[in-house]
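Heads up: the structure comes next, in structure tokens.
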Amino acid sequence: LRPCGACDRCGHGGGARRARSRSEDIAAIISLRDVTKTFESGYTALRDVELEVSPERFVALVGPSGCGKSTTLSLIAGLDGPTSGAVTVRGKPVAGITDGIGFLFQRDALLPWKSVRDNVLLPLQLRGVRGNDARSRAAEWIGRVGLRGFEHLFPHQLSGGMRKRA
């Protein structure tokens, strides 16, 4: 591991760290190369980050509040783009929402005017999945996370754990 920069907020000097793969022959499944993210406010959340994640590895991003953990995940998921540098997933540059990546926000991101079913359907609809296919996939996931029977409820009617699962 090697430090690759400091965040502006805490100046701790650790920033993100680059994990070396067990074998240099194994291509990284997630790669950040010289990534910097500066927001419109002028705040730099990430500076010169280098990160490689090898296939079948479990990685935890740990650090103080404001050091760029959520920003890093947002870049990998394609919810935002870097100011400079390159982010790749499975060898392809991230440009928009990354296929096959799940992202759980720190706070639930449910739309309060939509039911559980409609909130689960939304990402499918945004990806062009419609009709019976969308409804059956939503029902399958609602069942998988233990929310069957709660599909008609709205976020304010759910417990915190149920909101996270939705």
Side-chain angles (χ1 to χ4, degrees), residues 1-112 114 116 119-127 141-142 144-147 155-156 158-166:
L1 298 177
R2 71 172 180 80
C4 62
C7 68
D8 283 350
R9 182 166 178 158
C10 61
H12 69 281
R17 298 188 184 274
R18 180 176 184 261
R20 305 290 275 169
S21 64
R22 287 179 282 178
S23 166
E24 292 299 319
D25 296 334
I26 299 174
I29 196 158
I30 297 171
S31 175
L32 281 74
R33 296 275 181 247
D34 200 28
V35 168
T36 294
K37 177 61 181 178
T38 301
F39 292 97
E40 288 181 13
S41 67
Y43 174 70
T44 299
L46 301 172
R47 179 176 290 130
D48 304 324
V49 174
E50 299 283 335
L51 175 71
E52 273 186 8
V53 178
S54 298
E56 300 181 8
R57 300 297 291 183
F58 181 88
V59 176
L61 300 179
V62 180
S65 178
C67 74
K69 300 177 299 288
S70 294
T71 300
T72 300
L73 295 174
S74 292
L75 296 178
I76 293 166
L79 300 177
D80 202 354
T83 305
S84 64
V87 179
T88 61
V89 174
R90 294 181 197 91
K92 297 178 183 173
V94 173
I97 296 174
T98 307
D99 285 336
I101 297 288
F103 191 95
L104 183 63
F105 293 93
Q106 291 178 12
R107 295 183 182 196
D108 63 70
L110 300 175
L111 299 176
K114 289 187 173 280
V116 167
N119 269 289
V120 174
L121 279 169
L122 183 60
L124 294 168
Q125 294 166 340
L126 293 174
R127 289 182 177 256
W141 280 103
I142 287 168
R144 279 188 189 190
V145 299
L147 291 176
H156 74 275
L158 303 173
S159 71
M162 292 169 87
R163 290 172 61 106
K164 281 284 197 191
R165 288 181 278 147

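Closest non-hydrogen pair, T71 versus A45, comes out as OG1-CB, 3.8 Å. Heavy atoms only, all atoms of each residue included: L75 and V35 are closest at CD1-CG1, 3.7 Å. G91 and T88 make their closest contact through C-CB, 4.3 Å (heavy atoms, listed as atom of the first residue, atom of the second, distance). In terms of heavy-atom proximity, A28 sits nearest to S31 at CB-CB, 4.3 Å.
Partners of T38 by side chain to side chain donor-acceptor pair (under 3.5 Å), not counting sequence neighbours, listed by chain and number: T44. Qualifying salt bridge (Lys or Arg N to Asp or Glu O under 4.0 Å) partners for K37, counting only residues two or more places apart in sequence or in other chains: D80. Residues satisfying the salt bridge (Lys or Arg N to Asp or Glu O under 4.0 Å) criterion with R127, sequence neighbours excluded, are D99.
In this structure, CD1 in I30 is found 11.5 Å from CD in E52, a value given to the nearest 0.5 Å. Residue L111 holds its CG atom at 5.0 Å from CG of N119, rounded to the nearest 0.5 Å.
The shortest side-chain heavy-atom distance between V94 and I76 does not fall under the 4.5 Å cut-off. Proximity of E50 to L32: side-chain heavy atoms (C-beta onward) are nowhere separated by under 4.5 Å. Between T72 and L46, some side-chain heavy-atom pair lies under the 4.5 Å cut-off.
Within the structure, the salt bridge (Lys or Arg N to Asp or Glu O under 4.0 Å) test picks out no pair touching residues 81-96 (sequence neighbours left out). Among pairs with a residue in residues 64-79, none fulfils salt bridge (Lys or Arg N to Asp or Glu O under 4.0 Å), at least two apart in sequence or across chains.
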List, one per line, each side-chain donor-acceptor pair under 3.5 Å for residues 158-166, sequence neighbours excluded.
| unit_1 | atom_1 | unit_2 | atom_2 | d |
| --- | --- | --- | --- | --- |
| S159 | OG | M162 | N | 3.1 |
| R163 | NE | D108 | OD2 | 2.7 |
| R163 | NH1 | P155 | O | 3.0 |
| R163 | NH2 | D108 | OD1 | 2.8 |
| R163 | NH2 | D108 | OD2 | 3.1 |
| K164 | NZ | F105 | O | 2.8 |
| K164 | NZ | Q106 | O | 2.6 |
| R165 | NE | G161 | O | 3.3 |
| R165 | NH1 | V145 | O | 2.8 |

